[in-house]
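Reading through the structure tokens given below for one structure.
Since this is a predicted model, take the numbers as computed values, not measurements.
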Amino acid sequence: MIQRKKLFATFVRFGLVGVLATALHYGLYYLLHFIMGANAAFTVGYLLGFVANFYLTSYFTFGTSPSWRKLFGMGGAHAVNYLLQIGLLNFFLWTGVDEVWAPLPVYAITVPVNFILVRFVFTSKNE
């Protein structure tokens with residue numbers, strides 16, 4: 001029972017960090033998509049959101065110190081997540097979803113996948 005509560009608390013913190021990083025990502029995407037293509041704007045927002053996400057995830061979500069291993073592990077998890085997100089973004093654009101709204105269903109699909117991957121990186125005992 002304690003393990004479930006701890007996992008739930010971690011997921012809530014992950015969610016808070018994710019909301020912040022996603023807001024940063026989407027805000028940058030929204031501003032930049034007017035001056036560059038949707039894919040470029042999405043990528044720039046993703047990269048800057050990733051940096052904020054890494055530090056917040058390390059300190060706040062999992063209560064650990066950042067390390068190169070965690071950075072590369074999270075980078076790998078986010079590489080998978082980015083490919084999934086950019087593929088879904090283009091799918092939703094292709095189906096006619098407006099560029100302004102297309103990232104929203106992408107986030108809804110990819111957040112659970114990202115939690116599983118990032119949790120593995122930050123809770124792995126191979127420091």
- Message: Please report the interatomic distance CG(L84) to OG1(T110), rounded to the nearest 0.5 Å.
- Response: 6.0 Å
- Does one hydrophobic cluster hold both L56 and V19, with members joined at side-chain heavy-atom distances below 4.5 Å? no
- For V97 and F91, what are the C-alpha separation, side-chain angles and deciding distance, and is it a side chain to side chain contact (heavy atoms under 4.5 Å, CB included)? CA-CA 9 Å; V97 177; F91 171 75; over 6 Å; no
- Please check if the distance between the ring centroids of F54 and H78 is under 6.0 Å. no
- Item | Distance flag, aromatic centroids of H25 and Y107, threshold under 6.0 Å | yes
- What are the two closest non-hydrogen atoms of I109 and V113, and how far apart are they? O-CG2, 4.2 Å
- Message: For T64 and K70: C-alpha separation, side-chain torsions, deciding distance, then whether side-chain hydrogen bond (donor to acceptor under 3.5 Å, both in side chains) applies.
- Response: CA-CA 10 Å; T64 63; K70 290 174 187 166; 3.2 Å; yes
- Task: Could you tell me which non-hydrogen atom of A77 sits nearest to which non-hydrogen atom of L117, and how far apart they are?
- Result: CB-CB, 3.6 Å
- Query: What distance separates L88 CG from F92 CZ, expressed to the nearest 0.5 Å?
  - Reply: 5.5 Å
- Report yes or no: do V121 and F50 belong to one cluster of Ile/Leu/Val/Met/Phe/Trp/Tyr joined by side chain heavy-atom distances under 4.5 Å? yes
- Query: Do L83 and W94 sit in the same hydrophobic cluster, where Ile, Leu, Val, Met, Phe, Trp and Tyr count as joined when their side-chain heavy atoms come under 4.5 Å apart?
  - Reply: yes
- Item | Over all atoms of both residues, closest heavy-atom pair of S58 and S65 | OG-C, 3.2 Å
- Query: Crowded around F34 CZ? As in, over 12 foreign heavy atoms under 6.0 Å?
  - Reply: yes
- Evaluate the side-chain proximity of R13 to F62: yes if any heavy-atom separation is below 4.5 Å, no if none is. no
- Under the side-chain hydrogen bond (donor to acceptor under 3.5 Å, both in side chains) test, residues paired with T22 that sit two or more places apart: none
- Task: Check G49 against A21 and note the closest heavy-atom contact, atom names and distance.
- Result: O-CB, 4.0 Å
- Task: Show your working on side chain to side chain contact (heavy atoms under 4.5 Å, CB included) between V100 and Y26 and close with a plain yes or no.
- Result: CA-CA 9 Å; V100 171; Y26 183 76; 3.3 Å; yes
- Query: Which of these passes side-chain contact (heavy atoms from CB on, under 4.5 Å) with T61: V12, N53, V17, V118?
  - Reply: V17
- Query: Do L20 and L24 touch side chain to side chain, with heavy atoms closer than 4.5 Å?
  - Reply: no
- Message: According to side-chain hydrogen bond (donor to acceptor under 3.5 Å, both in side chains), does anything in residues 33-44 pair up with another residue at least two apart or in another chain? List the pairs.
- Response: N39-N90, T43-Y82
- Query: Is F14 reachable from F120 through a run of hydrophobic residues whose side-chain heavy atoms are each under 4.5 Å from the next?
  - Reply: no
- Task: Examine F8 and F115 and state if one hydrophobic cluster contains both, with Ile, Leu, Val, Met, Phe, Trp and Tyr joined whenever side-chain heavy atoms are less than 4.5 Å apart.
- Result: no
- Item | Rounded distance (nearest 0.5 Å) linking atom CG of L47 with atom CG of L28 | 10.5 Å
- Kindly assign one of parallel, tilted or perpendicular to the pair Y55 and Y59, based on the angle between their ring planes and the thresholds 30° and 60°. parallel
- Hey, are the side chains of P66 and L71 touching, using non-hydrogen atoms and a 4.5 Å cut-off? no
- Yes or no on side chain to side chain contact (heavy atoms under 4.5 Å, CB included) for Y46 and I86, after CA distance, side-chain angles and deciding distance? CA-CA 10 Å; Y46 193 93; I86 201 75; over 6 Å; no
